[in-house]
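Presented below is the structure to which this report refers.
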Amino acid sequence: MKKSLILFAHGARDPNWAEPFRRLRALTQASLPEVAVELAFLELMTPDLPQLAAQQIADGAQQVTIVPVFLGQGGHVRRDLPVLVEQLQQAHPGIRFQVAEAAGEDAGVLQALANYCIAKVGS
């Protein structure tokens, strides 16, 4: 089964804003060479989630995992993302979509951020 992983970020007017997300995508892709890892945006940047998912499915993806790279489960993750995923499921009924919780809700991610903050006190 061909798998796709979409890192879903907010987006911004400044194209440089996306640079850490591009690095995250590259790091993730390096660890998952058998999975197509891409970056999609909610707004202000391209590709958006529907465009990218359709492209991945056209390329043969049968399972699409969406990871919101947001710090919390705010309105975009709680309200906007489920609507987009429902539209994707209707447009692509034979595809399995999985949606992870916001990255910042994960204990390991929070610990990594805490470690970073703690290290800054000593610098």
Side-chain angles (χ1 to χ4, degrees):
M1 173 183 294
K2 189 169 180 184
K3 297 179 180 179
S4 168
L5 173 60
I6 297 176
L7 306 177
F8 181 61
H10 186 275
R13 287 183 180 82
D14 180 355
N16 293 325
W17 172 90
E19 187 52 37
F21 298 97
R22 290 186 193 104
R23 291 194 311 267
L24 174 62
R25 190 214 65 78
L27 289 166
T28 305
Q29 183 66 77
S31 294
L32 295 171
E34 72 286 356
V35 176
V37 180
E38 296 295 341
L39 181 59
F41 302 96
L42 175 65
E43 58 189 17
L44 304 171
M45 302 181 102
T46 58
D48 64 19
L49 182 59
Q51 285 176 314
L52 183 57
Q55 176 187 330
Q56 295 290 30
I57 292 164
D59 290 344
Q62 297 166 304
Q63 177 180 317
V64 178
T65 300
I66 302 163
V67 176
V69 284
F70 287 69
L71 280 179
Q73 297 278 121
H76 289 313
V77 175
R78 280 196 320 268
R79 289 188 300 272
D80 300 330
L81 182 55
V83 170
L84 290 170
V85 172
E86 178 61 31
Q87 291 168 351
L88 287 170
Q89 289 177 326
Q90 288 176 4
H92 309 281
I95 304 302
R96 182 170 177 226
F97 291 93
Q98 295 178 258
V99 181
E101 66 184 352
E105 299 289 340
D106 179 81
V109 172
L110 286 177
Q111 188 61 58
L113 286 169
N115 292 345
Y116 171 80
C117 294
I118 292 163
K120 294 302 146 187
V121 171
S123 42

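Residues: numbered from 1 along the sequence shown.
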Are M45 and L49 connected in the hydrophobic side-chain network, where two residues link if heavy atoms are under 4.5 Å apart? no
Does a donor on one side chain and an acceptor on the other come within less than 3.5 Å for Q55 and Q51? no
Q111: which residues meet the side-chain contact (heavy atoms from CB on, under 4.5 Å) condition with it, sequence neighbours left out? A114, N115
Suppose we screen for side chain to side chain donor-acceptor pair (under 3.5 Å). Which residues come up paired with E101, at least two apart in sequence or across chains? none
Parallel, tilted or perpendicular: rings of F70 and H10 (30°, 60°): perpendicular
Might you work through the side chain to side chain contact (heavy atoms under 4.5 Å, CB included) test for F8 and L81, ending with a clear yes or no? CA-CA 9 Å; F8 181 61; L81 182 55; 3.8 Å; yes
What residue pairs, at least two apart or across chains, pass ring pair (Phe, Tyr, Trp, His ring centres under 6.0 Å) with a residue in residues 92-113? none
Less than 4.5 Å apart, any side-chain heavy atom of L52 and any of T46? no
All side-chain contact (heavy atoms from CB on, under 4.5 Å) counterparts of V35, not counting sequence neighbours: K3, L5, L32, V37
Within the structure provided, determine whether Q87 and V85 are in side-chain contact (heavy-atom separation under 4.5 Å). no
Assigning hydrophobic clusters by single linkage (Ile, Leu, Val, Met, Phe, Trp, Tyr; side-chain heavy-atom cutoff under 4.5 Å), is V67 placed with V99? no
D59 and K2, any side-chain heavy atoms less than 4.5 Å apart: yes
With rounding to the nearest 0.5 angstrom, report the CZ to CG distance, R22 to N16. 7.5 Å
Minimum heavy-atom separation for G108 to D106, with atom names? N-OD2, 2.9 Å
Can you list everything that forms a side-chain contact (heavy atoms from CB on, under 4.5 Å) with R13? Sequence neighbours excluded, please. L44
About how many Å separate CD1 of I95 and CD of Q63, when rounded to the nearest 0.5 Å? 10.0 Å
Does any part of the side chain of R25, heavy atoms only, come nearer than 4.5 Å to the side chain of E38, both counted from C-beta? yes
Please step through side chain to side chain contact (heavy atoms under 4.5 Å, CB included) for the pair I6 and T65, ending with a clear verdict. CA-CA 6 Å; I6 297 176; T65 300; over 6 Å; no
Please check if the number of heavy atoms outside L113 that lie under 6.0 Å from its CG is greater than 12. yes
Of all the heavy-atom pairs spanning G104 and V109, show the shortest one and how long it is. CA-CG1, 4.1 Å
Report the residues that fulfil side-chain contact (heavy atoms from CB on, under 4.5 Å) with A61, sequence neighbours left out, ordered by chain and then residue number. S4, Q56, V64
Are L7 and L24 packed together at the side-chain level, in the sense that at least one heavy-atom pair is separated by less than 4.5 angstrom? yes
If you group Ile, Leu, Val, Met, Phe, Trp and Tyr by side-chain heavy-atom gaps below 4.5 Å, do V77 and L39 land in one group? no
Heavy-atom check, side chain of L42 versus side chain of D80, under 4.5 Å: yes
